Amino acid sequence: MGNHYIRELMARGERARKQIFSPLLSEFGLTPGQGQARILYYLLLKNHVTQKELADNCHFEVTTMSRNLDKLEKLGLIIRQNNPDCRRSFLICLTDKGIAEAKEIKKVFEQFEQIVSDGITEEEIEVFLKVMTRMCDNMESYNQKEK
């Protein structure tokens with residue numbers, strides 16, 4: 001197996017991931033592949049965060065984050081509140097409806113993790129996580145050099 005196989009497996013995995021998530025996320029009125037579910041999940045873990053913190057933790061450009069937040073706000077899932085620490089920024093918060101949907105999304109994420117880890121040992125998962133983290137670090141480091 002050559003290194004080209006890494007690229008092929010990553011593409012294959014991404015296609016399969018989308019095929020699993022698309023129908024599940026469509027039920028929530030979210031656009032699959034846009035990261036809106038990831039935003040809601042992060043806010044479930046840590047609510048009342050700045051847009052920059054949210055963008056950094058969800059790995060989005062600020063402009064992409066703005067478009068996603070606009071959609072989530074129109075769906076009644078989040079609100080923007082004035083940030084008492086900085087008059088130029090807002091805190092992003094889940095609404096009651098957003099909390100309920102984020103909890104459902106958490107279940108979808110957990111179901112996905114069960115599907116992909118079926119028949120794989122904890123040790124194999126640990127190795128995979130280390131290798132995949134390193135690969136992501138390598139790609140992000142390369143992208144930073146190119147800017």
Side-chain angles (χ1 to χ4, degrees), residues 6-120 122 124-147:
I6 294 170
R7 181 178 39 83
E8 292 299 322
L9 279 175
M10 289 176 101
R12 181 178 161 199
E14 182 58 15
R15 270 192 313 274
R17 186 190 69 80
K18 285 179 181 178
Q19 288 173 341
I20 291 170
F21 274 121
S22 290
L24 297 172
L25 296 180
S26 296
E27 294 175 20
F28 297 106
L30 304 177
T31 307
Q34 298 296 311
Q36 295 153 358
R38 191 173 349 143
I39 292 168
L40 293 175
Y41 179 75
Y42 183 80
L43 288 170
L44 185 64
L45 300 176
K46 186 174 181 192
N47 208 358
H48 296 81
V49 297
T50 65
Q51 183 171 325
K52 179 173 180 0
E53 179 182 344
L54 195 55
D56 289 347
N57 283 284
C58 292
H59 308 285
F60 285 120
E61 299 291 327
V62 175
T63 53
T64 303
M65 179 59 72
S66 291
R67 284 192 303 270
N68 279 322
L69 293 178
D70 288 344
K71 172 155 186 167
L72 294 172
E73 193 169 37
K74 285 178 188 166
L75 290 170
L77 302 175
I78 64 152
I79 56 171
R80 292 173 167 113
Q81 294 179 339
N82 290 328
N83 184 350
D85 297 331
C86 177
R87 292 185 305 168
R88 293 179 304 206
S89 72
F90 294 95
L91 295 177
I92 312 302
C93 313
L94 289 171
T95 62
D96 289 342
K97 180 181 176 185
I99 290 169
E101 290 219 6
K103 287 179 179 177
E104 291 302 312
I105 286 167
K106 181 179 182 215
K107 290 177 189 174
V108 169
F109 284 1
E110 289 167 352
Q111 179 184 4
F112 174 79
E113 289 173 8
Q114 287 177 343
I115 291 167
V116 299
S117 62
D118 186 44
I120 302 173
E122 279 295 317
E124 290 170 323
I125 295 288
E126 288 299 317
V127 169
F128 169 77
L129 293 175
K130 286 179 184 175
V131 170
M132 194 66 197
T133 298
R134 181 69 184 268
M135 288 179 168
C136 289
D137 290 346
N138 289 344
M139 289 186 286
E140 290 164 354
S141 175
Y142 177 83
N143 288 334
Q144 291 301 316
K145 285 190 266 185
E146 293 297 310
K147 288 184 178 180

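All of these numbers come straight from a predicted model, not from anything done at the bench.
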* Does anything in residues 41-61 pair up under ring pair (Phe, Tyr, Trp, His ring centres under 6.0 Å), and if so which pairs, sequence neighbours excluded? -> Tyr41-Phe109
* **Neighbour count above 12 (heavy atom, 6.0 Å) for Arg12 CZ** => no
* State whether Lys107 and Glu104 are salt-bridged, where the test is any N-O pair (Lys NZ or Arg NE/NH1/NH2 against Asp/Glu carboxylate O) under 4.0 Å. => yes
* **Contact check, side chains of Leu69 and Leu54, non-hydrogen atoms, under 4.5 Å** => yes
* Asked: With no hydrogens and no angle check, is any side-chain donor or acceptor of Ser141 less than 3.5 Å from a backbone partner on Asp137?
  -> no
* Heavy-atom neighbours of Glu110 CD exceed 12 at 6.0 Å -> yes
* Apply the test side chain to side chain contact (heavy atoms under 4.5 Å, CB included) to residues Glu101 and Leu44: give CA-CA distance (whole Å), side-chain angles for both, the deciding distance (0.1 Å), then the verdict. => CA-CA 10 Å; Glu101 290 219 6; Leu44 185 64; over 6 Å; no
* To do: Might you work through the side chain to side chain contact (heavy atoms under 4.5 Å, CB included) test for Met10 and Met132, ending with a clear yes or no?
  => CA-CA 10 Å; Met10 289 176 101; Met132 194 66 197; 3.3 Å; yes
* N-O pairing of Lys52 and Asp56 below 4.0 Å -> yes
* Would you sort out whether Leu91 and Arg80 count as a side chain to side chain contact (heavy atoms under 4.5 Å, CB included), showing the intermediate values? => CA-CA 6 Å; Leu91 295 177; Arg80 292 173 167 113; over 6 Å; no
* How far apart are the closest heavy atoms of Leu72 and Gln36, and which atoms are they? -> CD2-CB, 4.0 Å
* To do: Kindly compute the distance separating CD1 (Ile20) from CD (Gln111), expressed to the nearest 0.5 Å.
  => 8.5 Å
* Asked: Which of these, Lys71, Glu61, Gln51, sits in a side-chain hydrogen bond (donor to acceptor under 3.5 Å, both in side chains) with Ser66?
  -> Gln51
* Value rounded to 0.5 Å, distance of CG in Asp70 from CG in Leu75 -> 11.0 Å
* Is there a donor-acceptor contact under 3.5 Å from the side chain of Thr50 to the main chain of Glu53? -> yes
* To do: To the nearest 0.5 Å, tell me how far Ile39 CD1 sits from Leu94 CG.
  => 10.5 Å
* CG on Leu77 to OG1 on Thr95, rounded to 0.5 Å -> 5.5 Å
* **Nearest-0.5 Å distance that lies between atom CE in Met135 and atom NZ in Lys130** => 15.0 Å
* **Check: Leu45 main-chain N/O paired with Lys106 side-chain donor or acceptor under 3.5 Å** => no
* Asked: Which atoms form the tightest heavy-atom contact between Cys93 and Asn47, and what is the distance?
  -> CA-OD1, 3.1 Å
* Asked: How long is the span from the CG atom in Leu43 to the SG atom in Cys58, to the nearest 0.5 Å?
  -> 7.0 Å
* **Pairwise side-chain contact, Lys46 with Asn57, heavy-atom cut-off 4.5 Å (strictly under)** => no
